[in-house]
Amino acid sequence: MKLTLSVIKADIGGFVGHSSVHKEVVEKVREIAEDGKDRGIIRDVSILVCGDDIALVMTHTKGIDSSDVHELAWNAFKEGTEVAKKMKMYGAGQDLLADAFSGNVKGMGPGVAEMEFEERKSEPVVIFFADKTSPSAWNLPLYEIFADPMNTAGLVIDPSMHNGFIFDVMDVYTGMGIQLKAPEELYDLLVFIGATSRYVIRCIYRKSDGEIAASASTQRLSLMAGRYVGKDDPVLIVRAQSGFPAVGEILEPFARPWLVEGWMRGSHTGPLMPVPFRNAKPTRFDGPPRVIAAGYQITDGYLIGPSDLFDDPAFDEARRECNNIADILRRQGIFEPHRLPPEEMEYTTLPKVLEKLKDRFKLVEVKK
Ligand code: 13P
Ligand code: 13P
Ligand code: MG
Ligand code: MG
């Protein structure tokens with residue numbers, strides 16, 4: 001029987017500001033999700049927290065886009081929001097853009113990553129969860145994990161991965177998608193996924209048999225809401241071992257920090273810092289952006305875990321480097337390229353300021 005792994009996440013209120021989540025809010029979300037388990041809607045659930053976001057990691061046999069499972073997550077976030085509102089948590093209900101559930105949480109605010117597969121003899125998975133950034137943050141590590149033999153030795157050494165992978169890429173502005181094969185279409189793939197403000201990787205499949213290897217949340221909150229409500233703070237599921245990259249190959253890109261969009265007011269560039277669960281509390285300038293990695297063994301549909309995979313001193317240098325990069329970028333203050341370019345700022349609160357000043361412009365030089 002096929003098993004579905006669904007990860008659905010939302011920011012339903014921050015403690016304090018946008019830095020973390022109060023435990024009473026998390027407990028309410030857990031209570032509703034556990035009740036869904038008792039009622040047989042899902043087989044198992046595990047709760048993750050990164051910054052001011054909560055993720056429900058759920059297993060079930062209802063397939064992807066199951067309205068029962070999506071409704072359970074929606075209700076858990078709704079009830080959690082009631083607690084957050086009573087406690088006057090910051091931005092209570094921030095990501096719940098609709099009043100009532102209507103079939104699927106996609107498009108209603110929460111981020112969703114799902115995949116369906118036949119459970120293998122041993123089924124290790126890694127779930128990444130980031131705060132203060134957007135889904136395109138996964139483009140670079142997914143490229144390295146599934147297409148770069150300098151990162152993933154298995155692409156060269158393991159015959160079951162040697163054929164490569166298929167990348168499913170989407171334009172977030174039009175919703176149009178394209179599938180590209182690695183390694184043969186690598187340069188075409190990079191044309192798109194290198195443009196992180198526009199293109200995101202939705203899924204990755206193993207080329208030899210079409211088996212699902214990775215699935216990411218691609219929801220862009222500002223595009224759904226038509227205004228800035230907070231950053232998307234994405235999740236990503238990656239299957240590991242036995243014909244997929246090893247856990248260590250999946251974690252390796254995070255040992256070498258790179259820059260992502262997000263951070264303060266969703267308006268800045270900053271390094272993505274890999275942290276253990278206990279340090280997923282972005283406070284410096286509301287950041288720098290954080291990512292946690294939760295490992296699970298899925299056994300008969302049950303989630304054994306999470307194992308806190310970035311709780312390893314081998315990532316200490318990456319964290320230090322992130323702090324150094326943060327110092328350099330903060331020196332730029334409100335100046336680009338620390339501040340995002342104008343096209344990206346259109347989805348923040350800045351256009352309201354521009355609106356006020358637009359009539360003050362006078363022609364001072366005739367341009368050809
Ligand atoms: P507010 O304080 O107006 O909410 O703006 C800052 C912020 O945190 C944006 O989400
Ligand atoms: P979140 O997207 O995590 O709510 O952060 C919003 C923000 O504006 C932080 O400065
Ligand atoms: Mg928030
Ligand atoms: Mg957040």
Side-chain angles (χ1 to χ4, degrees), residues 3-14 20-84 89 92-98 101 103-116 125-131 135 215-219 221 230 232-238 277 280 291-298 301-308:
L3 187 75
T4 311
L5 176 58
S6 300
V7 185
I8 305 184
K9 55 82 38 187
D11 174 345
I12 55 171
S20 68
V21 189
H22 196 279
K23 66 176 188 317
E24 287 183 32
V25 176
V26 180
E27 282 321 306
K28 179 50 88 175
V29 170
R30 190 190 310 278
E31 180 191 315
I32 305 299
E34 290 284 350
D35 180 58
K37 182 175 160 181
D38 294 342
R39 289 190 291 130
I41 297 171
I42 50 173
R43 181 157 312 166
D44 204 1
V45 63
S46 169
I47 311 264
L48 297 173
V49 172
C50 186
D52 60 356
D53 289 78
I54 303 173
L56 297 174
V57 179
M58 296 174 286
T59 51
H60 56 94
T61 51
K62 296 188 161 60
I64 60 172
D65 287 328
S66 154
S67 64
D68 289 351
V69 174
H70 281 223
E71 186 170 24
L72 174 64
W74 178 263
N75 288 340
F77 290 135
K78 266 285 184 205
E79 299 263 346
T81 295
E82 289 313 310
V83 175
M89 288 296 132
Q94 177 178 289
D95 288 1
L96 306 188
L97 304 178
F101 179 72
N104 192 310
V105 288
K106 277 186 198 156
M108 297 175 71
V112 184
E114 295 183 290
M115 57 166 68
E116 193 181 24
V125 298
V126 179
I127 292 169
F128 292 101
F129 187 13
D131 188 37
S215 176
S217 65
T218 55
Q219 286 73 32
L221 265 180
D232 323 300
D233 302 336
V235 283
L236 166 67
I237 308 170
V238 186
F277 299 168
V291 58
I292 58 168
Y296 295 91
Q297 287 291 153
I298 300 180
Y302 291 93
L303 294 157
I304 301 183
S307 169
D308 185 354

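Along the sequence shown, residues carry numbers from 1.
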Requested in this report: Write down the atom of Ala55, the atom of Val7, and the distance for their closest heavy-atom approach.
Outcome: CB-CG1, 4.2 Å

Report task. Locate the shortest heavy-atom distance separating Ala293 from Val126; write the atom from each residue and the value. Result -> CB-CG1, 4.2 Å

Report summary line: Residue pairs meeting side-chain hydrogen bond (donor to acceptor under 3.5 Å, both in side chains), one or both in residues 37-50, sequence neighbours left out, come to Asp35-Arg39, Lys37-Asp44, Ser46-Tyr296

Query raised in the report: Would you find a donor on one side and an acceptor on the other, under 3.5 Å apart, between the side chain of Lys9 and the backbone of Ala113?
Result: no

Requested in this report: Taking all heavy atoms of Gly80 and all of Val25, pick out the closest pair and write down the distance.
Outcome: O-CG1, 3.8 Å

Report task. Ignoring hydrogens and angles, tell me if any N or O in the side chain of Ser217 forms a donor-acceptor pair with the backbone of Pro234 under 3.5 Å. Result -> no

Report summary line: Closest heavy-atom pair, Leu221 versus Gly230, reported as atoms and distance to 0.1 Å, is CD1-O, 3.7 Å

Query - Nearest heavy-atom neighbours spanning Ala216 and Leu236 - result: CB-CD1, 3.8 Å

Query - Check: Asp308 and Ile292 side chains under 4.5 Å, non-hydrogen atoms - result: no

Report task. Could you list the residues that satisfy salt bridge (Lys or Arg N to Asp or Glu O under 4.0 Å) with Asp65, not counting sequence neighbours? Result -> Lys106

Requested in this report: May I have all residue pairs that pass salt bridge (charged side-chain N to carboxylate O under 4.0 Å, His left out) and include part of residues 73-83, sequence neighbours excluded?
Outcome: none

Query raised in the report: Among all residues two or more places apart in sequence or in another chain, which pass the side-chain contact (heavy atoms from CB on, under 4.5 Å) test with Ala73?
Result: Ile8, Leu56, Met58, Phe77

Query raised in the report: So which pairs with a foot in residues 38-66 pass ring-ring contact (aromatic ring centres under 6.0 Å, His included), sequence neighbours left out?
Result: none

Query raised in the report: NZ of Lys62 to CG of Asp68: how many Å apart, nearest 0.5 Å?
Result: 5.5 Å

Requested in this report: State, with a plain yes or no, whether a side-chain heavy atom of Ser6 is found less than 4.5 Å away from one of Ile64.
Outcome: no

Query raised in the report: In Å and rounded to the nearest 0.5 Å, what is the CD1 to CH2 distance from Ile32 to Trp74?
Result: 14.5 Å

Report task. Locate the shortest heavy-atom distance separating Ala33 from Val45; write the atom from each residue and the value. Result -> CB-CG2, 3.9 Å

Report task. Test side chain to side chain contact (heavy atoms under 4.5 Å, CB included) on Asp233 and Asp52 and set out the steps. Result -> CA-CA 9 Å; Asp233 302 336; Asp52 60 356; 4.1 Å; yes

Query raised in the report: From Thr61 OG1 over to Glu116 CD, what is the distance, rounded to the nearest 0.5 angstrom?
Result: 9.0 Å

Query raised in the report: Residues two or more places apart in sequence or in another chain: which of them pass salt bridge (Lys or Arg N to Asp or Glu O under 4.0 Å) with Lys23?
Result: none

**Report entry** Backbone of Glu114 reached by a side-chain donor or acceptor of Ser215 within 3.5 Å
**Finding:** yes

Query - Close side-chain approach of Ile298 to Leu303, heavy-atom, < 4.5 Å - result: yes

Query raised in the report: Do Asp232 and Gln219 pass the side chain to side chain contact (heavy atoms under 4.5 Å, CB included) test, and can you show the C-alpha distance, the side-chain angles, and the key distance before you say yes or no?
Result: CA-CA 7 Å; Asp232 323 300; Gln219 286 73 32; 6.0 Å; no

Query raised in the report: Do any N or O atoms from the side chain of Asp95 and from the backbone of Ile12 form a donor-acceptor pair under 3.5 angstrom?
Result: no

**Report entry** Val29 side chain near Val21 side chain, heavy-atom distance below 4.5 Å
**Finding:** no

Query raised in the report: Would you say the side chain of Pro306 lies within less than 4.5 Å of the side chain of Leu48, judging by non-hydrogen atoms?
Result: yes

**Report entry** Value rounded to 0.5 Å, distance of CZ in Phe101 from CG in Leu72
**Finding:** 10.0 Å

